[in-house]
J.: 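One structure is given below, represented as structure tokens, and several questions about it will come after.
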Amino acid sequence: MKRRTFMTGGIAALGLAGAAWATGSFGPIFTDGAAPLSANSFSTALPIPPLLEDLDSAADSVRFVLQVQQGSRSFFPGKTTRTLGYNGNFLGPTIRVRNGQRFRAEIKNGLSQTTTLHWHGLHLPAKWDGGPLQPIPADSSWNPDFTIKQQAATLWYHPHAMGLTGDQVYRGLAGLFIIEDELSDRLDIPKDYGKDDIPLIIQDRRFLKSGQFAYVQNMHDQMNGVIGNHLLINGVMQPVLGVHAGPVRLRLLNGSNSSIYKIAFANQQSFRMIASDGGFLERPLAMNRIVLSAGERAEVLVDFSAAPIGQQVSLLVDQVRGSRFEALRIQVDRPAETAIKLPTRLRSFDRIPATEATVKRSFVLESIGMGIVGGGLSINGKKMDLNRIDERVKLGATEIWEIINRSTIMMRTSHSMHLHDVQFQILDRDGKAPPAHEQGRKDTVLIAPGETVRIITRFHDDPGVYMYHCHLLEHEDDGMMGQFEVVES
Ligand code: C2O
Ligand code: CU
Ligand code: CU
């Protein structure tokens, strides 16, 4: 019952609890289960989410069925955790489509509460967006039907019902959505799904002693986001992945509720980033560390050609405010299976010139200190209201959105700004051009405390109402979200 209050009542209703937290006296309402529980150390093979079967036999269309269901999983020996999943116990299958295909799906809600299914990163008609405006009540289905009109990219899907997003994702609802196109076919890069093209859904979780997930437990969790102390890759703690002694493509998704991850290899091994949220970069970028905020993706190529068979490399994931995890061990267990000559150039990339924008908007992300009645998390001083359209955008317009993370000494919180329907480009961070790996197509962007980020995008094709919000899901559920309507002029 408490949890419902937290999720729907928001911060304002909890002014007193907030004050108690601020003085550090809320008491032991949360018992962290970390200490007495022990996970299975690097003995489980990394599970690869299966590709969802296309029930349509025609080449130019696909049809999928997803069943939203309750389940359970044993994350710790002798403990059973109640979970949610799509067509299974935890997480969901990978949906793979091609640009130009007609996409149809049936989403069956087998839960006892409302859910939605949002296609994060997809450019699509508003009524199929799967945000809070398209609820799927318990025991009913939803049948989106639209055409894929965008380039190859690693996107994902997750629920988005008002006030329930964080909780439902936490319990297991999320999956990958991969788009392929002629370019991704043609490029000489690893593309054998599950073999040398590996999805890595990175999430962290916290557990109660009973083995159940410890979702929002107090005001601090709501304001700072729920930061877990166990790391899951594709739903499993400390898995091992066997790879060939050749190039391997990793599709990284920060699928956590509110963590910002720094991802690197323990041996400092470099890799090449080839794609950001919305698809391929202009050329592969050599890096040895990447930062992903909640909701962001990156595709990277790691070359194990020089590694002797038997070599192990650990993937480290650091929470920006939290712990460092040895997240995954990659073991080179067989000779190279493909002879790939990795490209030095991926695609041509047209940057949208700032001069093309006809409208500029500002969005102030604010987290007022706790204990202030009516405070909490807001955008331009407002909390999400389904009955209010915050911004009206003309169909076809190019706009610059300036996003300001106003932070106070009391509350230095990062935010992860996400827009539905569009892929945008980052113009600048505090007036400076973004680093090369952030110069590609993006739908989610980290905004550090005190930082101002300007993005530019074109709003084309589809009129209707879409969301923009912080992708720290506890922030989103607390109202750090707004609606923009694309209108025909
Ligand atoms: Cu990934 Cu509005 O969501
Ligand atoms: Cu989205
Ligand atoms: Cu936020």
Side-chain angles (χ1 to χ4, degrees), residues 10-11 92 115-124 126 128-134 144 150 153-166 168-170 173-177 201 203 221-227 253-260 277-278 292-297 320-321 363-368 376-380 383-384 386 403-408 411-424 441-451 453 457 464-484:
I11 300 295
T115 191
T116 80
L117 198 135
H118 169 59
W119 318 99
H120 179 128
L122 262 187
H123 171 56
L124 77 185
W128 303 126
D129 183 47
L133 293 170
Q134 291 88 35
Q150 78 196 73
T154 303
L155 313 177
W156 62 302
Y157 61 92
H158 62 77
H160 213 309
M162 260 313 261
L164 296 170
T165 302
Q168 292 185 352
V169 171
Y170 209 78
L173 295 182
L176 283 175
F177 192 103
I201 302 172
Q203 301 173 307
D221 286 349
Q222 190 83 57
M223 289 297 285
N224 288 324
V226 177
I227 308 297
L253 160 65
N254 179 344
S256 75
N257 277 47
S258 281
S259 291
I260 297 157
D277 298 334
L292 292 181
S293 70
E296 282 186 297
R297 288 88 62 212
V320 168
R321 293 170 298 128
F363 299 84
V364 177
L365 310 181
E366 207 158 13
S367 34
I368 305 169
L377 300 148
S378 62
I379 302 181
N380 288 342
K383 283 183 173 290
M384 171 68 178
L386 268 177
I403 306 147
I404 302 156
N405 180 351
R406 184 170 294 163
S407 84
T408 62
M411 284 297 301
R412 288 184 54 79
T413 314
S414 293
H415 299 291
S416 183
M417 184 70 161
H418 169 55
L419 272 63
H420 287 205
D421 187 50
V422 295
Q423 292 290 331
F424 53 77
R441 286 156 57 87
K442 298 282 299 159
D443 55 52
T444 307
V445 58
L446 176 66
I447 322 274
E451 194 177 30
V453 174
T457 190
V465 180
Y466 300 93
M467 306 293 142
Y468 57 90
H469 58 90
C470 179
H471 219 286
L472 306 194
L473 299 181
E474 288 69 54
H475 289 183
E476 177 199 319
D477 282 338
D478 193 63
M480 197 170 235
M481 175 156 65
Q483 306 186 85
F484 68 93

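Every number for a ligand or one of its atoms is a count from 1 in the order of the listing. Index from 1, following the sequence. Here the structure is a predicted model, which means the values were calculated and not measured.
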J.: Can you name the N, O or S atom of His120 that is closest to atom 1 (Cu) of ligand 1?
T.: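 Nearest N/O/S atom: ND1.
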J.: Looking at every heavy atom in both Pro449 and Ser407, which two are closest together, and how far apart are they?
T.: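 Residues Pro449 and Ser407, closest heavy atoms: CB-OG, 3.7 Å.
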J.: With respect to atom 2 (Cu) of ligand 1, please indicate if His118 possesses an N, O or S atom at a distance under 2.8 Å.
T.: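 Short answer: no, not a single N, O or S atom is under the cut-off.
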J.: For a distance under 2.8 Å, tell me if His420 has an N/O/S atom near atom 2 (Cu) of ligand 1.
T.: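 Short answer: yes, at least one N, O or S atom is under the cut-off.
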J.: Could you tell me whether the side chain of Met467 reaches within less than 4.5 Å of the side chain of Pro132, counting heavy atoms only?
T.: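 Pro132 reaches Met467 side chain to side chain.
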J.: For atom 1 (Cu) of ligand 1, decide whether His418 has an N, O or S atom at a distance under 2.8 Å.
T.: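 No, His418 does not qualify, because none of its backbone or side-chain N, O or S atoms lies under 2.8 Å.
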J.: Is atom 2 (Cu) of ligand 1 less than 2.8 Å from at least one N/O/S atom of His471?
T.: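 False for His471.
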J.: Taking Leu472 as the fixed residue, which of Ser259, Ser256, Ser258 is the one that meets the side chain to side chain contact (heavy atoms under 4.5 Å, CB included) rule?
T.: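 That would be Ser258; it is the only one of Ser259, Ser256, Ser258 passing the side chain to side chain contact (heavy atoms under 4.5 Å, CB included) with Leu472.
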J.: Against Leu155, only a single residue in His120, His123, Gln150 fulfils side chain to side chain contact (heavy atoms under 4.5 Å, CB included); can you say which?
T.: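 So, applying the side chain to side chain contact (heavy atoms under 4.5 Å, CB included) to Leu155 and each of His120, His123, Gln150, only Gln150 qualifies.
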J.: Please lay out, stage by stage, how Gln134 and His118 fare under the test side-chain hydrogen bond (donor to acceptor under 3.5 Å, both in side chains).
T.: CA-CA 9 Å; Gln134 291 88 35; His118 169 59; over 6 Å; no
J.: Suppose you place the vertex at the Cu ion (ligand 2); what is the angle out to His418 NE2 and His118 NE2, to 10°?
T.: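 Centred on the Cu ion (ligand 2), the NE2/NE2 angle is 170° (to 10°).
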